[in-house]
Amino acid sequence: MASVTSLSATVQQHLASALSATLPEATGADPLLRRSDRADYQANGILALAKKAKANPRELATQVVDKVVTGDVIKDIEVSGPGFLNITITDKAITENLAARYADTDRLGVPYTENPGTTVIDYAQPNVAKEMHVGHLRSAVIGDSLVQLLEFTGETVVRRHHIGDWGTQFGMLIQYLDEHPHELDHKAAEVTGEEAMSNLDRLYKAARRLFDSDEEFKTRARRRVVDLQAGDPRTLAMWQKFVDESKIYFFSVFEKLDMEVRDPDIVGESGYNDMLEETCRLLEESGVAVRSEGALCVFFDDVKGPDGNPVPLIVQKSDGGYGYAATDLSAIRDRVVNLKASSLIYVVDARQSLHFKMVFETARRAGWLGGDVKAYQLAFGTVLGKDGKPFKTREGETVKLEDLLDEAVERATAVVREKAEKVGLTEQEIEENGRYVGIGAVKYADLSTSAVRDYKFDLDQMVSLNGDTSVYLQYAYARIKSILRKAGDARPVAHPELELAPAERALGLHLDQFGETLLDVAATYEPHKLAAYLYQLATHLTTFYDQCHVLSADNSQEVVENRLFLVDLTARTLHQGMALLGIRTPERL
């Protein structure tokens, strides 16, 4: 079905036509239309245009009003203050526009983005042989939401999980396992993810202790790194065992997060090993990188250390080893040349911003970025405890992600159970909804915060029915579903001939902004804007419930049908919006 033009876009067109007719040099100017408390919309653009044309803004506004066509869409337009325009929409236009959205069951009238391309999203990057902790949460949750959003707007999305699966620690682990072969004497498929990681964690700690205390073992371990990089078959086979064990664990955590992570999308540091030498050669031959004290480096005028000396990006170390930069630059080459990406998004901790700034600039100098290809680091802040400090256990350890998710589900299940008898939930439904509410609470707390900001992890607040929480939104959806079940033979039907109450108008105008909001969120990579839209939608719904009874016996059949239509469209919008954030909406709660 064709997309639906929003009412604000239609009004914008009317104003633009009136502006250009009044002031020809204003053709193409933005009327600066926005929602307003004083009317349905307010346009503020005339003040700037009048200043530029050296005209009286109120007089210019009056002339524009005279040329605006009112009737089907615009009910009234008036000049306010020094030259603002207050615009009121007809009730008929609101209902008809929503009816067109309602008829589009798959997309609710949301248009596809113009000129879609191919975006590679690098997110959810755990490390092999190490447990995932709270620091891994944001990359996974934000990245997964971006995947859903961009795919929905028509972009071709390639997922990439750049896991840490290469380097010195693997020489240490492989050598230790070679000398202690019974440490991992089970088949990977026979253990749970948690058991697999517990085994690896124990192995890693034992290997680290020996590496730090035994110089001879350290020498043997470093020789193993050389064997690994050279592709020694036996060493590679043992390395693969670590990777496979870790993947069992990764998949179990991502399953708890209700995220789809596919094995072909996991392309770790090792996936670019064969490209490293060529990447360095290309950079050196082009002059982008130069040798400095034996290392291959890229220098930048604006990157200096505390002593004022340049701090380079080291692509290859003086001993011939490769750093993260070589891998990241090789990944860019692969994603641009082989995957034909037009956009690269890296959902990575803000503390790595300088590294990615230098990597992107190096890639631009080499000609791998630029023109039709852009790279962007979606930097995110830190998860804090209630005390405002980095989130730790009481013992000062980093919080394990799996433990955090389990506790969230446990708390949420208790909240669901409290209301279960009233709603008539079975034990299976209680447990299922507990998972949806708990994981949704964690995701929403993250996604409702601007990515660059730190946020406090407070489970008590996250699973609350009050305030800006996913539970509040999930409850709003379930409440609508309850009304629809109670409606009996009454069905949702739009009635454009009806006059709308103020709360109906407010709800309807907000529903009409869904498409514009999604396109803006996808263009700016800011899921928190979608979370804010959905929370406002649920708030409008609450006001609507208070002021407009849906199934009241005092209502005519047409009013009942129209209000059922409004709440059903609200439910569909909540459901679609929450799904794009990676959050499920239970039918009963």
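The model shown is predicted, which means the values in this text are computed figures rather than measured ones.
- Under the 30°/60° scheme for interplanar angles, the aromatic rings of Tyr176 and His180 are found to lie parallel.
- A donor-acceptor pair shorter than 3.5 Å cannot be found between the side chains of Arg222 and Thr168.
- Contacts classified as ring-ring contact (aromatic ring centres under 6.0 Å, His included) and involving residues 263-285 (residues at least two apart or in different chains) are given here: His162-Tyr272.
- Take Asp263 and apply the side-chain contact (heavy atoms from CB on, under 4.5 Å) test, not counting sequence neighbours, and it matches Lys247, Phe251, Ile266.
- Counting non-hydrogen atoms of neighbouring residues, nucleotides and ligands closer than 6.0 angstrom, the CD atom of Glu427 exceeds 12 such neighbours.
- Ring-plane geometry between Phe360 and Tyr346 is classed as tilted, the angle between the planes lying from 30 to 60 degrees on a 0 to 90 degree scale.
- Of the N and O atoms on the side chains of Asp165 and Ser270, at least one donor lies less than 3.5 Å from an acceptor on the other residue.
- At a cut-off of 3.5 Å, with distance as the only test, no side-chain donor of His161 or Asp122 sits close to an acceptor on the other residue.
- For CG of Asn338, the number of neighbouring non-hydrogen atoms (other residues, nucleotides, ligands) closer than 6.0 Å is greater than 12.
- When only modelled atom types and interatomic distance are considered, Gln175 and Glu179 share a side-chain donor-acceptor pair under 3.5 Å.
- Residue-environment remark: CZ (Arg281) exceeds the threshold of 12 foreign heavy atoms within 6.0 Å.
- Side chains of Thr279 and Ser330: a donor on one and an acceptor on the other come within 3.5 Å.
- Summarising the local packing, NZ of Lys374 is surrounded by 12 or fewer heavy atoms from other residues, nucleotides or ligands at distances under 6.0 Å.
- Other residues, nucleotides and ligands contribute only 12 or fewer heavy atoms inside 6.0 Å of the CZ atom of Arg351.
- Side-chain N or O atoms of Thr219 include one that pairs as donor or acceptor with a backbone N or O of Glu215 at under 3.5 Å.
- A donor atom on one side chain and an acceptor atom on the other are not found under 3.5 Å apart for Thr113 and Glu155.
- Ring-centre distance between His575 and Tyr477: below the 6.0 Å cut-off.
- Ring geometry for Trp166 versus Trp239: interplanar angle over 60°, hence perpendicular rather than tilted (30 to 60°).
- Around atom CD of Glu255, no more than 12 heavy atoms belonging to other residues, nucleotides or ligands sit under 6.0 Å away.
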